[in-house]
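Worksheet: the structure to be examined is printed underneath.
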Amino acid sequence: MPPTDESLQPVPGAPALTFENVVKKFGDLTVLNDLNFEVERGQRVTLIGPSGSGKTTILRLVMTLESLTGGYIHVDGVPLTHVERGGKRVARRHKDVAQLTRRIGMVFQQFNLFPNMTVIENIIEAPVHVLGKSKEEARTRGKELLEQVGLGDKADQHPSRLSGGQQQRVAIARALAMDPEILLLDEVTSALDPELVGDVLQVLRDLAENTDITMLIVTHEMQFAQDVSDRVLMFDSGHIIEDAQPDVMFSNPTHERTKEFLRAVL
Amino acid sequence: MNWSWDHAAAVLPELLSAFLRVTLLVTIVSSIGAAVLGLVWAIVLREAPKVVAAIIFRILDIIRMTPIPLQLAAIWAFVITTDVEALTVGLIVYAVHYSTYMAESYRAGIESIRPGQWEAATALSMSKGRTWRAVIIPQALRATVPSLGNWAIAMFKDTPFLIMISVPEMVTAAEKYGGSTFSYDEPFILAGLIFLAASYPTAVLMRKLENRLATY
Amino acid sequence: MDAFLDDLSTAAPRFWDGLVVTLQLGLGGAAVAFVIAVALGLLTLSPNSWLRAPGRMVVEFFRGTSLVVQLFFFFFVLPQIGLELDPIPVGIAALGLNYGAYGAEVVRGSLAAVPKAQWEATTALSMGSVQRMARIIWPQAWALMLPGLNNLLVMLVKGTALASFIFLHDVTFVADDLRRTMGKLFSFGIGFAIYYALNQLLSSGMRILELRAQRRLGLKPESRKATKRAEAVAGVG
C-alpha cells in the first residue's frame with residue numbers, strides 16, 4: 001500500500017507550484033542550483049532575466065519535458081516527479097506523474113501545432129483521447145475557445161495556412177481545451193513578427209482578466225509582464241535575485257543586476 | 001542441422017578464394033566504375049540540352065528499375081559468341097546498374113550546394129568546367145561520399161546474382177560444395193558470416209563518416 | 001509488324017505465367033517486409049535497451065548477410081532440419097526478412113525525424129504513448145518514410161529475379177528461356193518492359209500515397225517549395 005502522503009489529491013491551502021531545492025544539470029553545466037520558490041493558486045508569475053539564466057528550463061521541468069537532477073517540484077502540494085520515501089528521493093510511477101501533469105498546460109515558443117490535423121482537430125485531440133470527452137462536447141468547447149481567441153472562422157483550416165500569430169492563438173486554445181489549473185507560457189511571442197504580437201498578448205490579457213488560472217510566464221515583453229503579473233521574479237545564473245510586484249520591479253528595482261537588465265531591455 | 005567442423009574447414013578456403021578473386025574484385029572495380037559513371041550522369045543531366053538529358057534520364061531509369069540478373073543474362077546472351085568473359089560482363093553490368101543510383105546521390109549533393117556558390121563563381125568569371133572542378137564537385141563529394149559507400153555495400157551483397165551467368169563467386173562456390181557433399185549448412189552459414197564480417201564494419205564506418213561530415 | 005505480333009501472342013502466355021510468379025514474390029514479400037519493418041522499426045526506437053538491442057541485432061544480421069545467401073539457407077538448409085517449404089513461401093520469407101530489415105531503418109529514421117517539439121507537445125497535452133504514436137507521430141513520419149519505402153519496393157521487385165535460383169519460373173527465367181526460340185532482342189526486350197512497367201506502376205502508387213500524406217500535413221504538393229521542404233525533412237533530395 002502506498003503511504004497516504006503519496007496521494008495525488010491536492011493539499012488544501014497548498015501553493016499551486018512549489019520548487020524545493022531544485023537542481024538541474026545538463027552534463028557538467030549546472031543550470032539551476034538549489035532553487036526554492038512558490039506560486040500561489042491563481043497567481044500570475046513572470047520570470048525575467050538574461051537568456052540562458054534557466055527561465056525556460058523551469059517551465060520545462062514543470063511540464064516534465066526535462067528531468068530533475070535533484071530536489072522536488074510540488075503541484076498543489078503533491079510531489080510531481082519524485083517523492084521522499086524513507087529519507088530517500090524516489091521517482092514516482094509514470095502513471096501518477098501523468099495524472100498530475102493533466103492539471104498543467106503549456107504554450108510553446110514555436111507553437112508545436114500538429115501538422116497532420118486541422119485547427120479544430122488539434123484542439124479536440126487531447127480532450128477526446130486523454131480526457132475521454134465526447135467528440136461533440138469537445139467540438140462545441142473547441143469552437144467556443146476559437147471564438148475566444150478570435151479565430152472562430154478558422155476551425156477547419158490547416159495550421160500551415162495560418163499566420164504565426166494565428167497559429168499561436170490556436171495553440172493557446174488547444175492548451176485551454178484541457179482546462180488546465182496551471183498554464184505555462186514559454187516565450188509565446190518570441191517567434192512572431194512584431195505586428196502579430198499584439199493579438200496574441202491581447203488574448204492572454206483577456207485570459208488573465210477572466211479566469212483564475214495560475215500562470216507561470218517567461219517573456220521578453222516587459223509591458224505585458226507588468227500588465228498581467230502579480231509577481232515578477234528576476235533570474236540570473238539560475239538564481240532568483242529579486243522577487244517583487246511588477247510596479248516595484250519595473251520602477252524601483254533594488255538589485256544592481258536587475259537595473260542593468262531592465263535598462264537593456266526597456 | 002548437424003554442423004560439422006570438417007566440412008567447415010574444407011569449404012572455407014574455397015569460399016575465401018572465390019571471395020577474394022571474384023566477389024571483392026567485382027565490388028571494388030565496379031564501385032569505382034559506378035562512382036565515375038554516376039558523376040558523369042549527374043553532370044550530363046544538369047548540363048546537357050533538355051532533350052538529351054530527358055533521354056538519358058529515361059535510360060538510367062530503365063536500368064535502375066530492372067533486375068541485375070535479367071541485365072546479366074541479356075548482356076551475356078549478346079556477347080556469348082565473342083571471347084568476352086562472363087566476369088567482364090559482370091563488372092560492366094554492376095558498374096552501370098549502380099551508377100544510376102550513385103548519380104542520384106551526386107544530384108542530391110550538387111543540389112545541396114547553396115546557389116551563392118554558383119553565383120560567386122560567375123562573379124569571378126570562372127568557366128563552367130572550372131566551376132564544376134574547383135567549386136561544385138569538391139563540395140558535392142563531401143556530402144556524397146557516405147552515400148556512395150552505402151551503394152558499394154549494397155552492390156557487394158548483390159554480387160551473388162553473378163550465379164546467373166556462372167561466374168564463380170562465393171555463393172556459387174558454396175552451392176557447388178553443398179551440391180557435391182549434401183551438406184549445405186556449413187557453406188551457406190560461412191558465406192553469410194563472411195558477408196556480414198565484411199559489410200557490417202564498412203557500414204559502421206560509413207555511418208561514422210556521415211556523422212562527421214554532417215557536423216562540419 | 002505482323003511477325004512481331006505473332007511472336008507476341010506466342011510468348012504472352014509464358015510471360016503471363018512468369019509475371020504471376022514475380023507478382024506473388026513481389027507483393028507477398030512486400031507485405032511481409034512492411035510488417036517486419038514497422039515491428040523492428042518501433043523496436044529499435046524503444047527507450048528500453050532490452051528491446052532495442054535484439055531489434056538492432058536482427059536488423060544488422062539480415063541487412064548484412066546478403067539476400068541470396070539467406071534465400072539459399074532457407075531453401076537448402078531448412079529442409080535438412082525437417083522444415084520443407086515450397087519455393088514461393090521461401091522466396092517470400094527471404095525477400096520479406098531482408099527488405100523488412102532495410103525498411104526498419106527507414107521507419108526508425110522517419111519516426112526519429114519527427115521534430116522533438118511534436119513529442120513535447122503531446123506531453124504537454126498529457127497524451128499516452130499509444131495515442132502519441134498512432135495519432136501524432138506516425139502520421140507525420142509516414143510522409144517522411146514513403147520515399148524510402150518506395151525505393152525499397154523497387155529493389156524488392158528487382159530482388160524477385162532470384163526466383164530462378166530456386167527453380168521458379170519468373171519473368172527473368174522466361175525471358176532467358178525464350179531467347180533461344182524467339183530471339184534475344186525480343187525476349188529480353190519484353191522482360192525489361194515488364195519490370196519497368198511494374199516498377200513504374202508501383203512507384204506512382206507510392207507517390208500518390210506520399211502526396212496524400214503531404215497534403216494531410218499541409219504541404220501543398222503542387223508547390224515545389226513544399227515538396228522540397230518535405231524532402232529536406234526526410235533527409236532525401
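Reminder, nothing fancy here: chain letters follow the sequence lines and each chain counts from 1. When reading the values below, keep in mind they use all heavy atoms of this one structure, side chains included, and skip hydrogens, waters and symmetry mates.
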**Message:** Is it the case that over 12 heavy atoms from other parts of the model lie below 6.0 angstrom from the NZ atom of K184(C)?
**Reply:** yes
**Request:** Check whether any side-chain heavy atom of P69(B) lies under 4.5 Å from a side-chain heavy atom of S164(C), and answer yes or no.
**Result:** no
**Request:** Sort out for me which of I153(B), D158(B), L193(B), I62(B) touches chain C most, counting heavy-atom pairs under 4.5 Å.
**Result:** I62(B)
**Prompt:** Can you name the residues that form a side chain to side chain contact (heavy atoms under 4.5 Å, CB included) with A154(B), not counting sequence neighbours?
**Reply:** Y98(B), W151(B)
**Message:** I want to check something: taking the side chain as every heavy atom from C-beta on, are F161(B) and K158(C) in contact at a cut-off of under 4.5 Å?
**Reply:** no
**Approximate separation, where rounding is to 0.5 Å, of W76(B) CH2 and D176(C) CG** = 12.0 Å
**Request:** Take atom CD of E47(B) as the centre, draw a 6.0 Å sphere, and report whether it contains more than 12 heavy atoms from other residues, nucleotides or ligands.
**Result:** yes
**Prompt:** Between E105(C) and R207(B), is the closest basic N to carboxylate O distance under 4.0 Å?
**Reply:** no
**Asked** Is it the backbone or the side chain of T160(C) that comes under 4.5 Å from a heavy atom of chain B, or both, or neither?
**Response** neither
**Asked** When you measure from the side chain of S199(B) to the backbone N and O of G64(C), does any donor-acceptor pair fall under 3.5 Å?
**Response** yes
**Prompt:** Is the number of heavy atoms from other residues, nucleotides or ligands under 6.0 Å of I80(B) CD1 greater than 12?
**Reply:** yes
**Euclidean distance, I189(B) CD1 relative to F73(C) CZ, rounded to 0.5 Å** = 4.5 Å
**Fill in**
Exactly one candidate in F188(C), Y195(C), F192(C) meets side chain to side chain contact (heavy atoms under 4.5 Å, CB included) with Q71(B); the answer is F192(C)
**Asked** Using non-hydrogen atoms only, which part of T202(B) is less than 4.5 Å away from chain C: side chain, backbone, both, or neither?
**Response** neither
**Enclosure of F61(C) CZ (heavy-atom neighbours >12, cutoff 6.0 Å)** = no
**Prompt:** What is the minimum heavy-atom distance between P160(B) and F165(C), and which atoms define it?
**Reply:** O-CE1, 4.3 Å
**Complete:** So, the part of Q200(C) with a heavy atom under 4.5 Å from chain B: the answer is both
**Item:** Gap separating the OG1 atom of T65(C) from the CD1 atom of I194(B), nearest 0.5 angstrom
**Value:** 12.5 Å
**Message:** Taking atom CH2 as the centre, does W16(C) end up with more than 12 heavy-atom neighbours from other residues, nucleotides or ligands that are less than 6.0 angstrom away?
**Reply:** no
**Request:** Using a 4.5 Å cut-off on heavy atoms from C-beta on, say whether the side chain of F72(C) contacts that of I163(B).
**Result:** yes
**Proximity breakdown for L185(C) and chain B, heavy-atom pairs closer than 4.5 Å** = both
**Item:** Side-chain heavy atoms of N199(C) within contact of R64(B), under 4.5 Å
**Value:** no
**Request:** Find the distance between CG (N98(C)) and NZ (K157(B)) and round it off to the nearest 0.5 Å.
**Result:** 7.5 Å
**Prompt:** Does the side chain of R58(B) reach to within under 4.5 Å of the side chain of Y196(C), using non-hydrogen atoms?
**Reply:** yes
**Complete:** In I68(B), L70(B), L72(B), the residue satisfying side chain to side chain contact (heavy atoms under 4.5 Å, CB included) with T172(C) is L70(B)
**Prompt:** With under 30° as parallel and over 60° as perpendicular, where do the rings of F76(C) and Y184(B) fit, or are they tilted in between?
**Reply:** parallel
**Message:** Is M164(B) close to chain C through its backbone or its side chain, or both, or neither, when contacts mean heavy atoms under 4.5 Å?
**Reply:** both
**Prompt:** Given that the side chain runs from C-beta out, which part of F78(B) has a heavy atom under 4.5 Å from chain C: side chain, backbone, both or neither?
**Reply:** both
